Amino acid sequence: MRLVVGSKSLKTLLITSKDEPTIAKIHALMILTGIFGHGNSNAKLIQSYARLGHIESARQVFDKSPQCGVDAWNAMIIAYSRRGAMFEALSLYHRMASEGVRPDSSTYTVVLKACTRSLDLRSGEETWRQAVDQGYGDDVFVGAAVLNLYAKCGKMDEAMRVFDKMGRRDLVCWTTMITGLAQNGQAREAVDIYRQMHKKRVEGDGVVMLGLIQACTTLGHSKMGLSIHGYMIRKDIIMDVIVQTSLVDMYAKNGHLELASCVFRRMLYKNVISWSALISGFAQNGFAVFDQISFRDSISWNAIIASYGIHGSGEEALSLFLQMRETNVKPDHATFASLLSAFSHSGLVEKGRYWFSIMVNEYKIQPSEKHYACMVDLLSRAGRVEEAQELIESMITEPGIAIWVALLSGCLNHGKFLIGEMAAKKVLELNPDDPGIYSLVSNFFATARRWDEVAEVRKIMKKTGMKKVPGYSVMEVNGKLHAFLMEDKSHHQYEEIMQVLGKLDYEMKAMGYVPKTEFVLHNLEEEVKERMLCNHSERLAIAFGLLNTGPGTRLLITKNLRVCGDCHEATKFISKIVNREIVVRDVKRFHHFKDGVCSCGDYW
DNA sequence: GTAGGGTTAG
């Protein structure tokens, strides 16, 4: 029997083959028929093996090929890069030059991507220079890859420099910039870039919207969030699981828990991998993809559980968790992190302990640093710092800074100075790079009236050049954001705001409010301390909100730090005096003040 | 026909 087989038919077979034995047979056929080694047949083989994760077989093909074209090199580099084997990927790239193979646009793109994954800025920049030398400086793929390299390494200035000089930009380039800015704390700039993109009539898709949604989430700009959602519906932009999850997150963090829940309930595939993954899965594997998607993704559930958690609804979070189990979605480590933190924000200590043990014993999930931090937070927030300390001692791994910080803040709130001092020392030993943490340590020592230590902490901060992050609050009125700094006199309504605050202060004191001045610098006059507290940014924002919204309107304030103990107390009084619901989103959670009480039940 | 942009928790 004569075997008639062409290289084209074999390659087609390769693309559709779904298992290793089939590929191996085609591989053998290629050798027998002499096709192997011609054209890019070896590249196709490498891709096929790599697609199924048989990277060693792929490498064998690569090594045994008489000669490799640039496609084969690229395929091999991609294979390593996807596997996370950055060293191999890079060393292959370096070998290309010595073997006389000229990298093409895909090579640079892929190598840049590998550098991005390993956050290897130096190799990335070197690769970018070489790409420019070889005339690929204007290639949009290479360009997008280098933008992302800078973005992921937190170098948005550099990214912007490259972006500004780009001759041609496609949607991915714009998206990379927008997402990069949004994730590097430059949400306003992200929105600006999007506006430019919109002006140039570049049509957006779900991924760019996701970046924008994240920007709205950090800005606390709920009106813009709503309009983006509306825009996506009008433009019929596909909202996959990832985008919908970010909407859930955005609505919850912008104070619209009902809308978050609404988006969540309407999600078609809460528990299925994203549409794009699904579609590319179909393209590669046909219907076999259905075997792989069986209820393995839980991000949207995690997001909604976390949403109820930050709003202090621990019971609802638990009931969602139970629904999630009924739906056969497997909870993962993030699910439990959300659940435990929900318990922590609601003061549900026993439930926290119970589900922590279920997580370990039933679900066999090794508690991570984060889980321990949640538990320590839960216990010490409730004043049970001794139990928290016991839990820390039971850890196999060395407790990290988050855990000591949680313990310390519990000690601060409950006046447990002995354990607190130990925690504070541990925190300082670990050299935190977050000025907020130094403020916490300093506050702790100030409350314990240990002024020498307070001075010591200040000295460390000064030495490391760390500055206290100034607190600010943002309030949205008529779709516009208004930001207030502490003692902010720049606002055009400053005088009126101070009048409102003065009046409130008088009424509050008549109702029994006593300012908690102990956190403020100790060497100041009592009266000065009081005034400083009264000028905290959240108070200015509240007064501004009262001045500019109709009676009974809910006020929503976003703060960049934790609410201070005194403002928390004061806001309770204010909510009663003015008969308004005041919602404060701080860096960790939400506080709903109404009728003189806070939804957090003072577990904050 | 190949490469570049995305996910919740803390």
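We name chains A, B, ... by the order of the sequence lines, and we start the count at 1 in each one. Any value given below was found using the heavy atoms of this structure, including those in side chains, with hydrogens, waters and symmetry copies removed. Since the model is a prediction, treat every value here as computed from it, not as a measurement.
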How is A:Val248 classified with respect to the nucleic acid when contacts are heavy atoms under 4.0 Å: base, sugar-phosphate, or nothing? nothing
A:Glu88 bridged to A:Arg83 by N-O distance under 4.0 Å: no
Under 4.0 Å, heavy atoms only, any strand: does A:Val142 hit a base, just the sugar-phosphate, or nothing? nothing
Within less than 4.0 Å of OP1 or OP2 of B:dG6, is there a side-chain N or O belonging to A:Thr179? no
Looking for any heavy atom pair under 4.0 Å, which part of the strands does A:Ile78 touch: base, sugar-phosphate only, or nothing? sugar-phosphate
Give the minimum heavy-atom separation between A:Trp404 and A:Ala423, together with the two atoms involved. O-CB, 4.0 Å
So which heavy atom on A:Ile237 is nearest to which on A:Gly206, and how close? CG2-N, 3.4 Å
Base, sugar-phosphate or nothing for A:Val110? Non-hydrogen atoms, less than 4.0 Å. sugar-phosphate
Once you apply a heavy-atom cut-off of 4.0 Å, does A:Asn74 come out as touching a base, just sugar-phosphate, or nothing? nothing
Base, sugar-phosphate, or nothing for A:Arg169, non-hydrogen atoms under 4.0 angstrom? nothing
Please state how far atom CD1 in A:Ile77 lies from atom P in B:dG4, giving the value in whole angstrom units. 12 Å
B:dT7, OP1 or OP2 - any side-chain N/O from A:Gln183 closer than 4.0 Å? yes
Is the closest basic N to carboxylate O distance between A:Glu158 and A:Arg161 below 4.0 Å? yes
For A:Tyr308 and B:dT8, give me the distance from atom OH to atom C1', rounded to whole Å. 16 Å
From CE of A:Met324 across to P of B:dA9 the rounded distance in Å is 13 Å
Counting the atoms with a prime plus P, OP1 and OP2 as sugar-phosphate, which does A:Ser246 contact under 4.0 Å by heavy atoms, base, sugar-phosphate, or nothing? nothing
Among the nucleotides B:dG6, B:dT8, B:dA3, which one has an atom lying closest to any side-chain atom of A:Asp249? B:dT8
Ionic contact status for A:Asp249 with A:Lys253, cut-off 4.0 Å: yes
Once you apply a heavy-atom cut-off of 4.0 Å, does A:Gln214 come out as touching a base, just sugar-phosphate, or nothing? sugar-phosphate
For a quick check of understanding: with a heavy-atom distance under 4.0 Å over all strands, which category does A:Ala373 fall into, base, sugar-phosphate or nothing? nothing
When we call it a touch if two heavy atoms are under 4.0 Å apart, what does A:Lys370 touch: a base, just sugar-phosphate, or nothing? base
Expressed in angstrom and rounded to an integer, what is the separation of A:Trp301 atom CH2 from B:dT7 atom C1'? 17 Å
Counting any heavy atom closer than 4.0 Å, what does A:Asp332 reach on the DNA or RNA strands: base, sugar-phosphate only, or nothing? nothing
Taking any heavy-atom pair under 4.0 Å as a contact, classify A:Thr175: base, sugar-phosphate, or nothing. base
Among B:dA9, B:dG4, B:dG10, which nucleotide has an atom closest to any side-chain atom of A:Ser338? B:dA9
Using whole Å, report how far CZ of A:Phe336 lies from C1' of B:dA9. 13 Å
Length of the line joining A:Lys330:NZ and B:dA9:P, which is rounded to integer Å: 21 Å
